[in-house]
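Chain naming here is simple, since letters A, B, ... match the order of the sequence lines and numbering starts at 1 in each. Quick caveat, the model's predicted, so the values are computed rather than measured.
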Amino acid sequence: MVEIKLTNTRTRRKEAFAPIDPANVRMYLCGPTVYDRAHLGNARPVIVFDVLLRLLRHVHGEGCVTYVRNFTDVDDKINARAAATGRPIRDITDETIGWYHADMDALGAARPDHEPRATDYIAQMVDMTGELIAKGHAYETEGHVLFDVRSFPDYGKLSGRSVDDMIAGARVEVAPFKRDPMDFVLWKPSDADTSGWDSPWGRGRPGWHIECSAMSKALLGDSFDIHGGGIDLQFPHHENEIAQSCCASPQADFARVWLHNEMLQVEGRKMSKSLGNFFTVRDLLDGGTPGEVIRLVFLMTHYRKPMDWTADKAREAEATLRKWHALAAGAQDRGHLDAGIVDLLADDLNTAGALSRLHAMARDLAENATRDCHVEKGIFLSSARLLGLLLPGMDGWLSAGPDLSAQAARLVRLRDEAKASRDFAALDAFKAALTDAGVIIRMNRDGVELDPSPSFDAAKLAALS
RNA sequence: GGCGGGUUGGCGGAGAGGUUACGCAGCGGAUUGCAAAUCCGUGAAGACCGGUUCGAUUCCGGUACCCGCCUCCA
């Protein structure tokens, strides 16, 4: 069996992956807070862990992996949006989840096996909170329940911090009722206008971190294999999850392997609203960048390095995918994979290396274009699909856009006439007009292919006929 | 201030202690009525300073710069 190696944030080392139960490999990914469209940065963990999911299913078996990704649907940002719009919270979260599914589907990301909503697990969160109080790891004060970080000696281990150092950093908001400035909220009171649930500590709502502890336990158990998310979640979110889960279930391991993807940048800078380079996945899709192109751009950079989104990369990825789609046309996915691709992905998800392998396979196919190569083409296709590329139904963008078949037919006719008469003036004039209208022309012996470029102008095209 | 990550050719971006990464662009060629597309070939690198070594871009230490987290924006 292929040995998968993953860089475990907890140990800061690349380790051989050994599942607790090979018949049921369990993975949890921190999902979105559902109050608005997913921005481009949200897509990175989704794509990274989708590749890992495909690899795990390949190595351990289709039915031997359980993948959970939560929806945080109780949050003060959601409350604020409900208050601002007057809409019920459930309307907002339902709508946002629908958007999220549509956008992530467009990136070719498989839906997780379970997508728990925090609001469906309030009872489990209350139970865990009560358990932490009973075990002396949490305390109730002024309607809040707080986790006592001094009760957990390993607090800070995941992120390499010590409680004392962080306090010395003096950037911690100190609420007067906290025993220690680093103590964090498990449960907080809600006023009459804020969503809340009854609990032993009065009507209130959970703190952010407890949901992942409660839901991972409910769906994957006290101990599971992989826990993932963006590196920004390492502290405090994941640190707090570990504290909660390990103190509630001290006999268990909680998550054995912690995987964190590095952050996204845009044109070399942090994506932020103030810099004006903030955009959502939907913005890109609606702007004509296909989801498959977005995915390929992401895969070009290793997940543990900062990734820069640039328009240049998107152009390059689109050209590559056009070539690959053409090469794989008519190929059959028989599930036979290139061993090199599997080995590269198994080595801590070396997607960039895997892509270079696909390039090499594509070159071989192109060199042997005169032969049939159906076996090689099938391997190429199956291997690309391990990366979530060239998936069935993902090639719609290739033929999307305006119908240019009439212009293509006219171009063929003019070319035939020109070749017969040796007078190319009319043909060249038509080609120039098409180019001016933003149409990309590709001609070869067999026919012509027309595609709209980013500067496509429908009005100019219409004027030609 | 504390913690963590990064720095490779014009651009993007990997692996490996010593032998071509790869892709894009460029250049040369094939093909084409001309182009485009496609195919073939090709030059170009390892932030800086030390150390280990027969040999380092690859290991170790330091410096500079960039980025992230510590502010419930992935």
Rounded to the nearest 0.5 angstrom, the CG-CG distance for A/Leu389 and A/Leu355 is 6.5 Å
Walking RNA chain B from its 5' end, the first of A/Asp364 and A/Trp208 to be reached, judged by nearest nucleotide, is A/Asp364
If you measure from the P atom in B/C3 to the same atom in B/C73, how many Å do you get, rounded? 23 Å
Numerically ordered, the residues 347-363 of chain A set in heavy-atom contact under 4.0 Å with RNA chain B is A/Asn350, A/Ala352, A/Ser356, A/His359, A/Arg363
Review point. Contact class for A/Phe235 vs. all strands (heavy atom < 4.0 Å): base, sugar-phosphate, or nothing?
Key: sugar-phosphate
Walking RNA chain B from its 5' end, the first of A/Lys77 and A/Arg12 to be reached, judged by nearest nucleotide, is A/Arg12
Report task. Answer with base, sugar-phosphate or nothing: what part of the nucleic acid does A/Gly160 contact at a heavy-atom distance below 4.0 Å? Result -> sugar-phosphate
Validation: residues 289-296 of chain A side-chain donor-acceptor distances under 3.5 Å, sequence neighbours left out:
unit_1, atom_1, unit_2, atom_2, d
A/Glu292, OE1, A/His325, NE2, 2.7
A/Glu292, OE1, A/Trp397, NE1, 2.9
A/Glu292, OE2, A/His325, NE2, 3.3
A/Glu292, OE2, A/Leu390, N, 2.7
A/Arg295, NE, A/Leu107, O, 2.7
A/Arg295, NE, A/Gly388, O, 3.4
A/Arg295, NH1, A/Asp50, OD2, 3.4
A/Arg295, NH1, A/Leu387, O, 2.6
A/Arg295, NH2, A/Asp50, OD2, 2.5
A/Arg295, NH2, A/Leu107, O, 3.4
A/Arg295, NH2, A/Gly108, O, 3.0

- Return the orientation label for the A/Trp258 and A/His238 ring planes: parallel under 30°, perpendicular over 60°, tilted otherwise. tilted
Of the candidates B/U7, B/G23, B/G12, the side chain of A/Lys305 sits closest to B/U7
Using the C1' atom as the point on both nucleotides, what is the distance between B/A14 and B/G23, in whole Å? 11 Å
Quick one: are A/Val51 and A/Leu299 in side-chain contact, heavy atoms under 4.5 Å?
yes
Hey, does the Lys NZ or Arg CZ of A/Arg69 hover above the aromatic six-ring of A/Phe49, less than 6.0 Å from the centre and inside 45° of the axis? no
Taking atom types as they are modelled, is there a donor-acceptor pair under 3.5 Å from the base of B/A74 to the side chain of A/His39? yes
Taken to the nearest whole Å, NE2/A/His302 to C1'/B/A21 is 17 Å
Note: contacts of residues 69-76 of chain A with RNA chain B (heavy atom, under 4.0 Å) are A/Asp76
From CG of A/Asp312 across to P of B/G13 the rounded distance in Å is 12 Å
d(A/Ile226 CD1, A/Leu29 CG) to nearest 0.5 Å is 11.0 Å
Closest heavy-atom pair, A/Ser216 versus A/Tyr28, reported as atoms and distance to 0.1 Å, is CB-CD1, 3.7 Å
**Item:** Flag side-chain contact, heavy atom, 4.5 Å: A/Met361 against A/Asp338
**Value:** yes
Taking B/G9 as the reference, what is the distance to B/C49 when you measure between their P atoms (whole Å, please)?
16 Å
A/His237 atom NE2 is separated from B/G68 atom C1', nearest whole Å, by 17 Å
A/Asp308 CG to B/U7 P, in whole Å, measures 14 Å
Here the gap from A/Asp76 atom CG to A/Arg81 atom CZ, rounded to the nearest 0.5 Å, amounts to 13.5 Å
(Q) Students often get this wrong, so: under 4.0 angstrom with heavy atoms, is A/Glu367 touching a base, only sugar-phosphate, or nothing? (A) sugar-phosphate
- Item | NZ/NE/NH1/NH2 to OD/OE distance under 4.0 Å, A/Arg315 and A/Asp312 | yes
Closest heavy-atom pair, A/Ser151 versus A/His137, reported as atoms and distance to 0.1 Å, is OG-ND1, 2.7 Å
Just N and O in the side chain of A/Lys313: are any of them under 4.0 Å from OP1 or OP2 of B/G23?
no
Separation of B/C22 atom C1' from A/Lys323 atom NZ, nearest Å, is 12 Å
When the P atoms of B/G26 and B/A64 are considered, how many whole Å apart are they? 40 Å
Taken to the nearest 0.5 Å, the spacing of A/Tyr67 OH from A/Leu219 CG works out to 13.5 Å
dist A/Thr9:OG1 -> A/Ile231:CD1 (nearest 0.5 Å) comes out at 5.5 Å
Looking only at B/A14, B/G33, B/C24, the nucleotide nearest the A/Thr301 side chain is B/A14
Picking from B/G12, B/C3, B/A74, the nucleotide nearest the side-chain atoms of A/Leu233 would be B/A74
Item to complete: Indicate yes or no for a side-chain donor-acceptor contact from A/Arg44 to the backbone of A/Asn261 under 3.5 Å, with no hydrogens or angles considered.
Response: no
Are any protein N/O atoms closer than 3.5 Å to N/O atoms in nucleotides 60-65 of chain B? If there are, list each pair with its distance.
none

Under the rule of Watson-Crick or G-U wobble with both distances under 3.5 Å, where | means paired to another strand and [ ] a crossing pair, RNA chain B maps to (((((((..(((.....[...))).(((((.......)))))....(((((..]....))))))))))))....
Rounded to whole angstrom, note down the P distance from B/A47 over to B/U8. 7 Å
Ring-face cation contact, A/Phe430 with A/Arg410, 6.0 Å cut, 45° max:
yes
Using a 4.0 Å heavy-atom cut-off across all strands, classify A/Lys157 as base, sugar-phosphate, or nothing. nothing
Listing time: all N or O pairs from protein to nucleotides 34-37 of chain B that are below 3.5 Å?
unit_1, atom_1, unit_2, atom_2, d
B/C34, N3, A/Lys431, NZ, 2.5
B/C34, N4, A/Lys431, NZ, 3.1
B/A35, N6, A/Met443, O, 3.4
B/A36, O2', A/Ile441, O, 3.4
B/A36, N1, A/Met443, O, 2.1
B/A36, N3, A/Met443, N, 3.4

Q.
Mind checking if A/Gln265 touches a base, just sugar-phosphate, or nothing, with heavy atoms under 4.0 Å?
A. sugar-phosphate
- Separation of the P atoms in B/C11 and B/A44, to the nearest angstrom: 16 Å
*For the pair A/His39 and A/Phe278, name the ring-plane relationship: parallel under 30°, tilted 30 to 60°, perpendicular over 60°.*
perpendicular
- prompt: Heavy atoms, side chains only, cut-off 4.5 Å: are A/Pro206 and A/Trp197 in contact?
  reply: yes
| query | Can a cation-pi geometry be assigned to A/Arg179 and A/Tyr139, taking NZ or CZ under 6.0 Å from the six-membered ring centre and within 45° of the ring axis? | reply | yes
On a whole-Å scale, what distance lies between the P atoms belonging to B/A36 and B/C60?
-> 48 Å
For this session: Could you tell me whether A/Met300 contacts a base, only the sugar-phosphate backbone, or nothing, with contacts defined as non-hydrogen atoms closer than 4.0 Å?
Result: sugar-phosphate
Any side-chain heavy-atom pair of A/His227 and A/Val257 under 4.5 Å: no
- Reckon A/Arg44 touches a base, only the sugar-phosphate, or nothing at all at heavy-atom distances under 4.0 Å? nothing
Between B/C67 and B/G13, how far is it from one P atom to the other, in whole Å? 16 Å
